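Pasting a structure here, questions to come.
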Protein chains: 2
Amino acid sequence: MQYEFKDKAANAYRLEEQVGFLLRRASQRHLSIFTQMLPDLTSTQFATLAKLCEMGPTSQNALGRAVAMDAATIKGVADRLRARGLVMATPDEEDRRRHYLSATEEGRALYERTAHAALAITGETLAPLDADEIETFLTLLRKLC
Amino acid sequence: MQYEFKDKAANAYRLEEQVGFLLRRASQRHLSIFTQMLPDLTSTQFATLAKLCEMGPTSQNALGRAVAMDAATIKGVADRLRARGLVMATPDEEDRRRHYLSATEEGRALYERTAHAALAITGETLAPLDADEIETFLTLLRKLC
DNA sequence: GACATTTTGTTCGTATACAAATGGAATTTG
DNA sequence: CAAATTCCATTTGTATACGAACAAAATGTC
């Protein structure tokens, strides 16, 4: 050991053993797989488009809550999807603050065309685990959200 | 179901069941805990400072590899740590491309002062799991990196 | 009906994250 | 030794991510 630590904590701390570090690395690997297998959209863009196709017309903030993005983040994602013509906005007659987001024909078509790739990405990400391990892992991971 | 999908994949796709989505949400919760319990440094800044204290003087890219950040990312992190006086750079005499990064006295002191909080953050993140589940989860998570 | 609160969407600032390109330096190899 | 390759650090551009502050609109309460 190159240095002496007065406090035990600094000695006991190993970055490689911390959940946060492992979560970050697992996410990195997943996102790398995603980019390779589905270069058309980013992971967050696909998630947003998928949820929008599932939910139908939704306000921007509500959509953000559904995909776990705050208002500032979902705005950027929605803007980029709109710029690509995959999503469109229509004003809400009843609430003048709100505009509904919905998938365009092109957006829906892209989603239907790429959904199988998204499922394959999940499979590839979990490939190092066997079926039992996958179920165990997802159960535990769900508890940490 | 509001829409008909020609392709089965779009029907089978559920965002909430995908590893990527769960990893993102677990990371969000972890980072939220981190910010609350250790507001002095970001998660990545702490990881970098910790690794630097552990390794001693290290080139910027080598440090980046140790904490799983690419060259562009580690540069920003290192710059911000240097701007705060927690890390300093000294040129390498042998290799004129390289400059060694090392923790300053202040950086090391901050690390030693906060290492226990970092361990507590890991504990809090894993709090929804019991001891056996933690071991299982970390074992499986490690396989996905 | 008046006022406080909440909700919606936006903007700003800061901090990761990574692809791609660059230039300079060191190393490998033929 | 010269050429090809690799390595180091930097820069640019794009895309999350979130805190904080804001105005306009809707809702709740008294």
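Any value given below was found using the heavy atoms of this structure, including those in side chains, with hydrogens, waters and symmetry copies removed. In what follows, chains are A, B, ... by sequence order, proteins preceding strands, each numbered from 1. What you are looking at is a predicted structure, and each value in this text was computed from that prediction instead of being measured.
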Completion exercise
Whole-Å distance, A:Gln60 CD to C:dT11 C1', equals 13 Å
Handout entry: Spacing between A:Asn61 atom CG and D:dA26 atom P, to the nearest angstrom
Key = 15 Å
Handout entry: Nucleotide nearest A:Arg24 (side chain, heavy atoms from C-beta), chosen from D:dA9, C:dT16, C:dA17
Key = C:dA17
Fill in the blank from the handout: Contacts of A:His99 and B:Val77 projected onto DNA chain C by closest heavy atom; the upstream (5') one is A:His99
Exercise for the section: Examine B:Val19 and A:Leu38 and state if one hydrophobic cluster contains both, with Ile, Leu, Val, Met, Phe, Trp and Tyr joined whenever side-chain heavy atoms are less than 4.5 Å apart. Expected result: no
Exercise for the section: Verify the neighbour count for atom CD of A:Glu16: are there more than 12 heavy atoms of other residues, nucleotides or ligands below 6.0 Å? Expected result: yes
Problem - Shared hydrophobic cluster for B:Leu126 and B:Leu23 (ILVMFWY, side-chain gaps under 4.5 Å) - result: yes
Handout entry: Under 4.0 angstrom between B:Gln28 side-chain N/O and D:dC18 OP1 or OP2
Key = yes
Problem - Length of the CG-C1' vector between B:Leu101 and D:dA9, whole Å - result: 11 Å
Completion exercise
Heavy-atom nearest nucleotide on DNA chain C taken for B:Glu94 and for A:Ser59; more 5' hit belongs to A:Ser59
Handout entry: B:Thr73 side chain, from C-beta outward: closest of C:dC18, C:dA25, D:dC18
Key = C:dC18
Practice task
Report yes if at least one side-chain N or O of A:Arg84 is closer than 4.0 Å to OP1 or OP2 of D:dA15; otherwise report no.
Solution key: no
Using distance only, find each side-chain donor-acceptor pair of residues 56-66 of chain B under 3.5 Å and give its atom names and separation, not counting sequence neighbours.
unit_1	atom_1	unit_2	atom_2	d
B:Thr58	OG1	B:Gly56	O	2.5
B:Ser59	OG	B:Ala62	N	3.3

Problem - Check: B:Arg97 side chain, D:dC7 base, donor-acceptor under 3.5 Å - result: yes
Completion exercise
Taken to the nearest whole Å, CG/B:Asp70 to P/D:dT14 is 17 Å
Completion exercise
Between CZ of A:Arg80 and P of D:dA15 the distance, given in whole Å, is 5 Å
Exercise for the section: Consider the side chain of A:Arg65, meaning its heavy atoms from C-beta on, and name the nucleotide among C:dT10, C:dA20, C:dT8 that approaches it most closely. Expected result: C:dT8
Fill in the blank from the handout: Taking D:dA9, C:dA15, C:dG9 as options, the one with an atom nearest any side-chain atom of B:Thr42 is C:dA15
Practice task
Look at B:Arg96 and D:dC7 and indicate whether a side-chain polar atom (N or O) is within less than 4.0 Å of OP1 or OP2.
Solution key: no
Handout entry: Between D:dG19 (C1') and A:Met69 (CE): distance, integer Å
Key = 18 Å
Handout entry: Whether A:Tyr111 and B:Tyr13 hold their rings parallel, tilted or perpendicular, with breakpoints at 30° and 60°
Key = perpendicular
Handout entry: Side chain of B:Asp95 (C-beta onward), nearest among C:dA26, C:dT11, D:dT16
Key = C:dA26
Problem - Value in whole Å for how far the C1' atom of C:dT11 lies from NZ of A:Lys75 - result: 9 Å
Practice task
Send over the distance from A:His30 NE2 to C:dC18 C1', rounded to a whole Å.
Solution key: 15 Å
